[in-house]
> 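Here it is, the structure in full.
The model shown is predicted, which means the values in this text are computed figures rather than measured ones.
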Amino acid sequence: MTPDLRLTVGRERGLLVSVLCLLGLGWGLTQPLGKISVSTGHGPFGLIFWQLVICSVLLGAITFARGRGIVWRRDALIFAAIVAVIGTLVPNLTYYVSIGRLPAGIMAILISAVPMLSFPMALALGMDRFSPARLAGLALGLAGVALIAAPGAGLYAAGLLAFIPLALIGPLFYAMEANFVARQGTAGMDAFQAMFMASLVGVVMCLPLTLLSGQWINPLNGFGQAEGALVMSSLVHGLCYAGYVWLAGRAGAVFASQCSYLVTAAGVFWSMLILGERLAPLAWLALAVMLSGVALVQPRARPASGASDGVAVGS
């Protein structure tokens with residue numbers, strides 16, 4: 001390898017690692033921002049509606065700039081509706097209810113359960129093969145949740161244990177979404193277009209729920225810290241997703257999936273920095289156990305089948 005080629009390869013590797021780190025830091029930031037968003041009493045449907053509106057505008061701009069647009073085919077609309085429900089409406093509803101009670105750092109740890117919940121589903125659907133190592137990873141994930149629920153983790157005394165199962169509904173539905181997309185595909189759409197369509201259909205589905213539940217948030221009534229956190233969280237999510245799709249296409253989905261470690265670690269870090277949270281020693285142990293589990297259940301490299309392999313499309 002010539003010196004010029006080594007320099008080029010080194011720069012490429014440095015760029016990919018830098019993007020990976022930025023994705024982890026960005027998505028981790030959405031944890032404390034989510035807690036701030038609910039701090040003034042905004043209802044979850046109102047928050048989800050505006051999050052979907054912001055994501056639709058951002059991802060729509062990217063989609064149209066790439067020469068694509070809204071897809072009116074029946075299969076595309078059905079796909080978008082399913083992903084909107086299992087990838088946004090249900091998990092975000094439980095997320096906003098949970099994060100209003102649980103520490104954001106704990107929520108960041110629990111979100112790392114997605115790949116561990118996805119593995120047994122893929123196994124049951126015949127989409128993955130049994131592996132003792134990945135089974136051990138699943139066991140470590142369960143052990144991590146048990147440690148979080150243990151008295152020494154800080155939630156038992158605060159009476160917050162009841163919200164742990166609720167908080168795990170989000171990762172469960174994200175795992176369902178990942179397997180649905182892996183099995184059914186994206187109805188002929190690329191990843192950006194698929195997420196744009198899911199966000200757009202989600203707006204239509206969420207609006208009546210927001211109005212009927214009395215959780216409408218009128219942007220003309222003032223723009224404070226909670227509203228600013230919601231806007232920033234939505235923009236960060238959209239930008240990180242765009243970066244994730246680019247990274248998966250450039251370096252492969254297996255490399256891009258490594259950001260799951262960074263998201264959890266960054267979520268804990270940002271929660272400590274922004275919210276002043278401090279995890280109990282047992283919660284730190286739970287973090288280490290959960291990340292070890294994630295390492296064991298991560299997908300292994302396989303022949304490329306498209307830039308969007310392994311990319312979730314929920315918003």
Side-chain angles (χ1 to χ4, degrees), residues 13 16-17 20-21 23-24 27-28 82-83 86-87 91 106-150 164-165 167-186 191 241 244-245 247-268 282-314:
R13 184 180 296 123
L16 296 177
V17 172
L20 186 73
C21 291
L23 291 178
W27 261 322
I82 292 174
V83 169
I86 66 176
I106 294 295
M107 291 292 292
I109 297 174
L110 292 175
I111 199 66
S112 67
V114 174
M116 285 171 280
L117 293 170
S118 182
F119 170 59
M121 292 182 190
L123 203 61
L125 292 170
M127 296 166 54
D128 211 331
R129 294 181 180 180
F130 174 79
S131 164
R134 297 179 78 181
L135 181 62
L138 178 61
L140 284 174
L142 294 174
V145 173
L147 287 171
I148 290 174
I164 292 180
L168 285 170
I169 291 176
L172 176 65
F173 271 75
Y174 288 137
M176 290 170 57
E177 176 204 17
N179 280 286
F180 170 76
V181 173
R183 188 178 181 87
Q184 302 296 329
T186 56
Y241 184 80
Y244 186 92
V245 173
L247 186 64
R250 189 73 170 262
V254 172
F255 178 84
S257 69
Q258 306 307 306
C259 74
S260 58
Y261 307 106
L262 300 175
V263 171
T264 296
V268 173
L282 199 58
W284 282 109
L285 178 59
L287 172 61
V289 170
M290 291 286 280
L291 291 181
S292 298
V294 172
L296 290 174
V297 299
Q298 283 285 15
R300 302 295 177 252
R302 59 186 177 183
S305 59
S308 62
D309 285 355
V311 179
V313 293

> Rounded to the nearest 0.5 Å, how far does CG of Leu140 lie from CG of Leu147?
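It is 10.0 Å, given to the nearest 0.5 Å.
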
> Are Met121 and Leu172 close enough, and set up right, to give a side-chain contact (heavy atoms from CB on, under 4.5 Å), and what steps lead you there?
CA-CA 10 Å; Met121 292 182 190; Leu172 176 65; 3.2 Å; yes

> To check you understand the geometry: which heavy-atom pair defines the closest contact between Gly24 and Ala266, and what is its length?
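Taking every non-hydrogen atom into account, O-CB, 3.3 Å.
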
> Decide yes or no on side-chain contact (heavy atoms from CB on, under 4.5 Å) for Tyr174 and Leu117, but give the supporting numbers first.
CA-CA 9 Å; Tyr174 288 137; Leu117 293 170; over 6 Å; no

> So which heavy atom on Leu296 is nearest to which on Ala133, and how close?
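Looking at all heavy atoms of both residues, the closest pair is CB-O, 3.4 Å.
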
> So, using side-chain contact (heavy atoms from CB on, under 4.5 Å) as the criterion, who are the partners of Ala182 when residues are at least two apart?
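For Ala182 the side-chain contact (heavy atoms from CB on, under 4.5 Å) partners, ignoring immediate neighbours, are Met127.
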
> What's the separation between atom CE in Met107 and atom CD1 in Ile148, rounded to the nearest 0.5 Å?
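It is 10.5 Å, given to the nearest 0.5 Å.
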
> Write down the atom of Arg183, the atom of Leu125, and the distance for their closest heavy-atom approach.
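For Arg183 versus Leu125, the nearest heavy atoms are NH1-O, 3.1 Å.
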
> Can you measure from OG1 (Thr264) to CG (Leu110) and round to the nearest 0.5 angstrom?
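That separation rounds to 9.5 Å.
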
> Once you round to the nearest 0.5 Å, how far does CZ of Arg134 lie from CG of Leu123?
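Arg134 atom CZ to Leu123 atom CG measures 8.5 Å (nearest 0.5 Å).
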
> Identify the two heavy atoms, one from Leu135 and one from Phe119, that lie closest to each other, and give their separation to 0.1 Å.
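Between these two residues, the closest heavy atoms are N-CE2, 4.0 Å.
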
> Can you measure from CD1 (Ile109) to CD1 (Ile106) and round to the nearest 0.5 angstrom?
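Answer for the CD1-CD1 pair, Ile109 versus Ile106, is 4.5 Å.
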
> Which pairs pass side chain to side chain donor-acceptor pair (under 3.5 Å) with one or both residues in residues 286-297, sequence neighbours excluded?
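For residues 286-297: none.
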
> In Å and rounded to the nearest 0.5 Å, what is the CZ to CD1 distance from Phe180 to Ile82?
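If I round to the nearest 0.5 Å, the distance is 4.0 Å.
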
> Applying side chain to side chain donor-acceptor pair (under 3.5 Å) as the test, list every pair that has at least one member in residues 108-119; sequence neighbours left out.
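Output for this query lists Ser118-Asn179.
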
> If every non-hydrogen atom of Leu23 is compared with every non-hydrogen atom of Cys259, which pair is closest and at what distance?
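In terms of heavy atoms, the two residues are closest at CB-CB, 4.5 Å.
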
> I need the minimum non-hydrogen distance between Cys21 and Leu262, along with the two atoms involved.
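Closest pair (atom of Cys21, atom of Leu262, distance): CA-CD1, 3.8 Å.
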
